[in-house]
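For clarity, every value in this text was computed on a predicted model and none was experimentally measured. To find a chain, count down the sequence lines: A is the first, B the second, and so on, and within it residues start at 1.
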Protein chains: 2
Amino acid sequence: MLDDRSKQILQAVIQLYISSPGPVGSRAVTKKFPIGLSPATIRNIMSDLEDMGFLRQPHTSAGRVPTDSGYRYYVDALAADRPDPDTEFASELSRKLELIRTDVNSFLDSASRMLSELSHYIGISVSPNAGQTTLSRIELVPYRKNQIAVILITDEAVIRNRIISVDQEMSREDLNRLAGYINERFGGHTLDDIRKTILEEMADERVLCDDLITEAMSICRNVFPVSESDIFISGVSEALTLPDFCDIGRIRGLLRTIEDKHVILSLLEKISETDSPQVFIGSENPLDELKQFSLIAAPYREGSRPIGAIAIIGPTRMNYSQAITLVDITAKFITDIFSYSR
Amino acid sequence: MLDDRSKQILQAVIQLYISSPGPVGSRAVTKKFPIGLSPATIRNIMSDLEDMGFLRQPHTSAGRVPTDSGYRYYVDALAADRPDPDTEFASELSRKLELIRTDVNSFLDSASRMLSELSHYIGISVSPNAGQTTLSRIELVPYRKNQIAVILITDEAVIRNRIISVDQEMSREDLNRLAGYINERFGGHTLDDIRKTILEEMADERVLCDDLITEAMSICRNVFPVSESDIFISGVSEALTLPDFCDIGRIRGLLRTIEDKHVILSLLEKISETDSPQVFIGSENPLDELKQFSLIAAPYREGSRPIGAIAIIGPTRMNYSQAITLVDITAKFITDIFSYSR
DNA sequence: TATTAGCACTCGAACAAGGAGAGTGCTAAT
DNA sequence: ATTAGCACTCTCCTTGTTCGAGTGCTAATA
């Protein structure tokens, strides 16, 4: 669809624009990429590229600027021969992340920091979705009078805890019996399954004749709705150093979206179901307030099951090559951690 | 030091400036606060106030703008007759926060959201400092091969958990014995104390002849350094709607400071040792990058012992009266929650 | 003596005009 | 098919000008 030379020019324009913002003119192209063509020829080609919607002129007699579809073409073409994942990234990542396996959340927090540090854009990571995690065991511990601490231990080292109130005071033995019952009943199931089962059982009143079961159900009902993932965001100040982030209005929109973690969460949950890095360029973004930016996201897995996602948000004038690689490697690395750390 | 009339004028200027930015002139003062003085008189007084350092002229023949010490005087004078805490705040606060007692962190997250929503500035809250918390009980639970989950239960419902690796595989009974030993030994002590004791014991080799003790110590050493508090920040996008936040450079500085949670943490830890809301106006701020903003912070307590802090960051042109009240009430409310919820 | 009215003065914001420069599109030559 | 040349366009920057708000000072006033 695009002849070889046009492709080269498009790529040149985009790379020039990425390395420094501002319309790029025909002369600049010839200077940086001496392909043996004169500015005039370049101009003709650029004009064609504009007709095809890959470039855009801010105004007559300014240089050209890539459009979203220009970037899209560039990224797709790039995908064909993406450079081998830079092993420097990989080693730095693993070195930095190695230290902090103890706590999933601080691990993912560091991951988002790394993403932003290495990309100079905004780094995001989402903690594993509890719903699809399998329950390894539940622990019930007396806490205060009429309160017990419930500790969920799952396969992913994600431990959720919650204090709940109970009607009657319960001894340690009572709690152990209860926990034993719940473990036998639900151990090995996913939290989502458990939640569903509980809802069904609660509806079925016959089961509730047994005190033990009743109590267990009541506890479970209180505890298993816990499934909000945490989300970690870093590097907003870093991103603000870019000349692209000069319009307060846009920044505000972006921040509002980011601060409303639910939005980002549900966005990235969709990502989790896909494979390999997804790239949303400008207007391709599902969220209005992100339409001025680009988002690169990838899921990470435990084994083959996707359990969470990481992402980068940056200007559409983004170093896609580097950013995609970074997201890809990081996701793979986190997958490794979750899959082989047992 | 300041006669009554000058005080009135200063207050008028500040209030006008707070309600809309931009230098305020003598005529504007007479218009909004008809005290029966002509603009000319006001001008003379304002000139005096400028000599005293409470006001400042951006340039000749512009109106006056309050200086940091102007605000300071205003705030101090205000403190004398602060209006009774608005009960509307109080009730809204309690209503919103009532729901979420289950989890300390999400409780404090909501608190920071509320602070920013009600003030339209940036809201911050810090989770209880674990160091001064007393250990209620430790639980050790087998997790995977050679790994155990350690759960710290403290008096504040702050539960910290961590996965640690151990040299040898341990049965449930082993762990129970171990936990029993640790509980008996350290239950009721503050985490800081425990940490100190452990360090001392580790140095003293004689104690280490007993296997049980050795193992316990090794676990404790891994677990008790957990004392980083969490910090919750909301409303950055909200604050960006203010005309004061129009300079990208300043915003970037602010965000950098905020993103580096350690800095804020140690700042607020100092606050924890003080009483009632502290107000830092502009240059009074200890952190350079906050010197363009104002910070209002107050500790919250468990009983009489301060365990954490909340804060608001806004422009120096801040509605101090409202903001101080808000911080004050919120801190008191959180104190109530922590003190009487048992 | 404290206050006020009047007036000249200052300074910034907003707007207009003009020049410089970069880049284009078109046409004719190669 | 490519290129050189040229006229044209548009932004950016600078400069000049006006307008208005607000001051400081001085003289008049209660």
Side-chain angles (χ1 to χ4, degrees), chain A residues 2-10 12-17 19-67 70 243-244 246-247 317, chain B residues 2-10 12-17 19-67 70 243-244 246-247 317:
Chain A
L2 233 55
D3 68 25
D4 217 45
R5 216 176 43 181
S6 309
K7 249 191 249 180
Q8 265 189 312
I9 306 290
L10 176 58
V13 171
I14 292 185
Q15 280 177 18
L16 281 170
Y17 188 68
S19 68
S20 96
V24 5
S26 52
R27 236 179 77 83
V29 174
T30 59
K31 249 189 192 161
K32 273 282 177 181
F33 297 81
I35 345 179
L37 289 179
S38 81
T41 316
I42 306 280
R43 277 204 288 280
N44 288 327
I45 302 175
M46 280 163 87
S47 173
D48 295 347
L49 286 170
E50 184 168 8
D51 291 340
M52 292 185 258
F54 292 142
L55 294 180
R56 178 175 67 80
Q57 255 181 323
H59 50 86
T60 339
S61 84
R64 303 302 208 292
V65 161
T67 63
D244 311 74
C246 57
D247 177 17
R317 184 184 72 83
Chain B
L2 233 55
D3 68 24
D4 217 46
R5 216 178 42 182
S6 310
K7 251 190 248 181
Q8 266 189 311
I9 305 291
L10 177 57
V13 171
I14 293 185
Q15 280 177 18
L16 280 170
Y17 189 67
S19 68
S20 96
V24 5
S26 51
R27 234 177 79 82
V29 174
T30 59
K31 248 190 192 160
K32 273 281 176 180
F33 297 81
I35 345 178
L37 289 179
S38 81
T41 315
I42 306 279
R43 276 204 287 281
N44 288 327
I45 302 175
M46 281 163 84
S47 173
D48 294 348
L49 286 170
E50 183 168 8
D51 290 342
M52 291 186 261
F54 293 141
L55 295 179
R56 177 174 68 80
Q57 258 182 320
H59 51 87
T60 338
S61 85
R64 302 300 209 290
V65 161
T67 63
D244 310 74
C246 57
D247 177 17
R317 184 185 72 85

For [X], what residues pass the side chain to side chain donor-acceptor pair (under 3.5 Å) criterion, not counting sequence neighbours?
| X | answer |
| --- | --- |
| A:Asp4 | none |
| A:Asp51 | none |
| A:Ser19 | none |

Any idea which heavy atoms bring B:Val65 and B:Pro58 closest together, and the distance?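 Reported closest heavy-atom pair: CG2-CG, 4.1 Å.
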
Every protein N/O within reach of nucleotides 1-4 of chain C N/O, cut-off under 3.5 Å:
{"residue": "C:dT3", "atom": "OP1", "partner": "B:Arg5", "partner atom": "NH1", "Å": "2.5"}
{"residue": "C:dT3", "atom": "OP2", "partner": "B:Arg5", "partner atom": "NH2", "Å": "3.4"}
{"residue": "C:dT4", "atom": "OP2", "partner": "B:Ser38", "partner atom": "N", "Å": "3.1"}
{"residue": "C:dT4", "atom": "OP2", "partner": "B:Thr41", "partner atom": "OG1", "Å": "2.4"}

Please list, pair by pair, any protein nitrogen or oxygen found under 3.5 Å from a nitrogen or oxygen in nucleotides 13-19 of chain C.
none

Nucleotide by nucleotide, nucleotides 6-13 of chain D touches protein heavy atoms under 4.0 Å in the pattern (B base, S sugar-phosphate only, - none) ---BBS--

What's the spacing between [X] [atom1] and [Y] [atom2] if we round to 0.5 Å?
| X | Y | atom1 | atom2 | result |
| --- | --- | --- | --- | --- |
| A:Met46 | A:Leu10 | CE | CG | 10.0 Å |
| A:Thr67 | A:Leu49 | OG1 | CG | 9.5 Å |
| A:Ile14 | A:Leu55 | CD1 | CG | 7.0 Å |
| A:Ser47 | A:Met52 | OG | CE | 9.5 Å |

Residues 35-42 of chain B side chain polar contacts: donor-acceptor under 3.5 Å, at least two apart:
{"residue": "B:Ser38", "atom": "OG", "partner": "B:Ala40", "partner atom": "N", "Å": "3.3"}
{"residue": "B:Ser38", "atom": "OG", "partner": "B:Thr41", "partner atom": "OG1", "Å": "3.4"}

Quick note, side chain to side chain donor-acceptor pair (under 3.5 Å) partners involving residues 53-64 of chain B, not counting sequence neighbours, are B:Glu50-B:Arg64

Pair listing, side chain to side chain donor-acceptor pair (under 3.5 Å) test, anchored in residues 20-37 of chain B, at least two apart: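 Those involving residues 20-37 of chain B are B:Ser26-B:Arg43.
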
Any ring pair (Phe, Tyr, Trp, His ring centres under 6.0 Å) involving residues 25-53 of chain B? Give me the pairs, sequence neighbours left out, ordered by first then second residue. none

Return the residues of residues 22-32 of chain A meeting this criterion: a heavy atom under 4.0 Å from some atom of DNA chain D. Order them by number, or give none. none

Counting Watson-Crick and G-U wobble pairs with both distances under 3.5 Å, what is the dot-bracket string for DNA chain C, 5' to 3', using [ ] for crossing pairs and | for pairs to another strand? ||||||||||||||||||||||||||||||

Can a side chain N or O of A:Arg64 be found less than 4.0 Å away from OP1 or OP2 on C:dA22? no

